[in-house]
2 protein chains.
Amino acid sequence: MAAPDQPIFGALAESLGFLLRLAQLQAFDEYFSAEGSPEHGPGEMSILLMIDANPMIRQGVLARALRIKRAHMTKIIQSFDRAGLVQTSVPADDRRSLELTLTPAGKDRLARVWDRVSLNELGRPGNLTQRETDTLKRLLRKYLSIAAPAEGADA
Amino acid sequence: MAAPDQPIFGALAESLGFLLRLAQLQAFDEYFSAEGSPEHGPGEMSILLMIDANPMIRQGVLARALRIKRAHMTKIIQSFDRAGLVQTSVPADDRRSLELTLTPAGKDRLARVWDRVSLNELGRPGNLTQRETDTLKRLLRKYLSIAAPAEGADA
DNA sequence: CGCCAATTGTCTACTAGGAAACAAAATGAT
DNA sequence: ATCATTTTGTTTCCTAGTAGACAATTGGCG
């Protein structure tokens with residue numbers, strides 16, 4: 001009943017939220033092991049990927065989709081803007097909002113970092129078979145109500 | 001090609017790490033909707049649950065299992081200790097380490113908060129069937145190399 | 001024994017991210 | 001038109017979590 005080096009997870013092992021928490025932390029460890037000293041963490045990477053896939057996306061739409069709070073999104077976008085990675089524009093039909101698009105420098109940066117990360121992100125983790133990995137991703141997309149990607153997606 | 005209110009997720013929809021990140025944030029939203037203004041966030045809850053399931057667990061073992069950095073664990077345990085929720089003791093065979101056990105007050109606190117959260121954590125999320133939920137949890141445990149819980153686990 | 005390497009918890013800074021209040025612009029009701 | 005409500009981005013302050021250096025302890029090895 002005492003505590004060995006491999007503790008008992010108890011209720012945590014049945015709890016979806018905590019399993020997701022631990023799995024995400026493990027995935028990030030692998031992410032950072034791929035990127036030596038990362039220019040961009042997972043949060044910033046997801047923003048770059050999202051703007052790349054959705055040019056002229058509005059800042060608020062981006063924040064909701066990635067579940068990043070607006071306050072935080074403001075800081076990241078402003079730093080991207082200062083670094084010349086995104087170009088912002090105010091649409092004529094709603095002058096409160098900001099439309100975001102990657103600059104050529106932003107696309108370069110994204111491509112370079114993604115090259116170092118994509119194998120870990122798209123590939124199969126050691127603990128799961130390819131089939132299990134596909135099932136896991138499919139269930140996560142369904143949980144999130146995210147559409148499955150098109151078949152011929154770029155690497 | 002412009003950006004609608006439901007953006008295209010592109011490479012994110014195939015990337016295990018980012019799917020896990022988004023899923024965890026969604027799960028936390030549901031967690032916080034269950035606990036009005038939470039006495040303990042998910043991180044602290046997982047620590048209480050873990051100490052409850054593993055009395056006399058060493059602080060470092062706990063940190064590794066929950067993937068919380070030692071520096072952070074120190075702060076949380078010290079605050080738990082000040083609040084009278086855990087009892088710490090130095091084992092005779094290794095005077096560097098700390099053994100952690102829940103006090104009666106700690107067990108009470110855990111039971112009270114868990115009551116408000118367990119339905120969301122153990123139940124089936126709206127987007128998935130019961131069977132899909134079970135599969136998802138099983139695959140996450142396998143990804144994490146966590147043993148499946150015993151059958152007759154407490155609610 | 002004495003010395004060197006690894007481990008454990010802790011401390012001090014720092015970064016990522018959130019909560020709440022706010023101004024400007026849009027929307028809707030009258 | 002006018003006023004209240006909502007939305008969007010921003011600002012300030014705060015919390016959760018990390019990075020790196022550190023002292024104390026342990027274990028190995030001559």
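The sequence lines fix the lettering, A, B, ..., with proteins before strands; numbering per chain opens at 1.
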Trainee: Could you state whether B:L20 and B:L128 fall into the same hydrophobic cluster, counting links through intermediate Ile, Leu, Val, Met, Phe, Trp or Tyr residues with side-chain heavy atoms under 4.5 angstrom apart?
Mentor: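 Same cluster.
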Trainee: Report yes if at least one side-chain N or O of B:R64 is closer than 4.0 Å to OP1 or OP2 of C:dT7; otherwise report no.
Mentor: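 The answer is no; no side-chain N or O of B:R64 sits under 4.0 Å from OP1 or OP2.
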Trainee: Can you tabulate the close N/O pairs, meaning under 3.5 Å, that link protein atoms to atoms of nucleotides 21-23 of chain D?
Mentor:
none

Trainee: Which atoms form the tightest heavy-atom contact between B:L49 and A:A11, and what is the distance?
Mentor: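 B:L49 and A:A11 have their closest heavy atoms at CD2-CB, 4.3 Å.
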Trainee: Under 4.0 Å from OP1 or OP2 of D:dT7: is there any side-chain N or O of A:R95 that close?
Mentor: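 Indeed not, no polar side-chain atom of A:R95 lies that close.
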Trainee: Output the rounded distance in Å from CD1 (A:I57) to P (D:dG9).
Mentor: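 Going from A:I57 (CD1) to D:dG9 (P), I get 11 Å.
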Trainee: Using a distance-only criterion (donor-acceptor N/O pair, under 3.5 Å, no hydrogens), is the base of D:dT25 paired with the side chain of B:R96?
Mentor: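 By the distance-only test, yes, there is a pair.
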Trainee: Calculate the interatomic distance between B:D93 atom CG and D:dA24 atom C1'; express it in whole Å.
Mentor: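 My rounded result for the distance is 16 Å.
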Trainee: Tell me: CD of A:Q59 to C1' of D:dT7, nearest whole Å?
Mentor: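 In whole Å, D:dT7 C1' lies 13 Å from A:Q59 CD.
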Trainee: For residues 71-80 of chain A, which residues have at least one heavy atom under 4.0 Å from DNA chain D?
Mentor: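 DNA chain D contact set from residues 71-80 of chain A: A:A71, A:T74, A:K75, A:Q78.
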Trainee: Atom CD1 of B:I47 and atom P of D:dA16: how far apart are they, to the nearest Å?
Mentor: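 In whole Å, D:dA16 P lies 11 Å from B:I47 CD1.
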Trainee: What is the distance, to the nearest angstrom, from the CD atom on B:Q24 to the C1' atom on C:dA16?
Mentor: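 B:Q24 atom CD is separated from C:dA16 atom C1' by 13 Å.
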Trainee: Could you state the atom-to-atom distance from NZ of B:K69 to C1' of C:dT12 in whole Å?
Mentor: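 Computing the B:K69:NZ to C:dT12:C1' distance gives 18 Å.
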Trainee: With the 4.5 Å side-chain cut-off for hydrophobic clustering, are A:I68 and A:L62 part of the same group?
Mentor: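 A:I68 clusters together with A:L62.
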Trainee: Under a 4.5 Å side-chain heavy-atom rule over Ile, Leu, Val, Met, Phe, Trp and Tyr, are A:M73 and B:L25 clustered together?
Mentor: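 No; B:L25 is not reachable from A:M73 via cluster members.
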Trainee: How long is the line joining NE2 of B:H40 and P of D:dT15, in whole Å?
Mentor: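 The answer, rounded to whole Å, is 16 Å.
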Trainee: Evaluate A:R124 against A:E132 for salt bridge (Lys or Arg N to Asp or Glu O under 4.0 Å), listing each step before the verdict.
Mentor: CA-CA 9 Å; A:R124 173 179 75 80; A:E132 286 169 335; over 6 Å; no
Trainee: State, with a plain yes or no, whether a side-chain heavy atom of A:N127 is found less than 4.5 Å away from one of A:P125.
Mentor: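 The answer is no; the side chains never approach within 4.5 Å.
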Trainee: Using whole Å, report how far CZ of A:R67 lies from C1' of C:dA19.
Mentor: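 So the CZ-C1' distance, A:R67 to C:dA19, works out to 19 Å.
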Trainee: Apply side chain to side chain contact (heavy atoms under 4.5 Å, CB included) to residues A:S46 and B:L12 and explain how you reach the verdict.
Mentor: CA-CA 7 Å; A:S46 67; B:L12 289 179; 4.0 Å; yes
Trainee: Between A:G60 and A:L25, name the one whose nearest nucleotide on DNA chain D is closer to the 5' end.
Mentor: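 It is A:G60 whose nearest nucleotide is closer to the 5' end.
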Trainee: Between A:E30 and A:A27, is there a donor-acceptor pair closer than 3.5 Å when you use the side chain of the first and the backbone of the second?
Mentor: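 Looks like no, no N/O pair under 3.5 Å.
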Trainee: Between A:M50 and B:P7, what is the shortest heavy-atom contact and its length?
Mentor: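 Heavy atoms of A:M50 and B:P7 come nearest at CE-CG, 3.6 Å.
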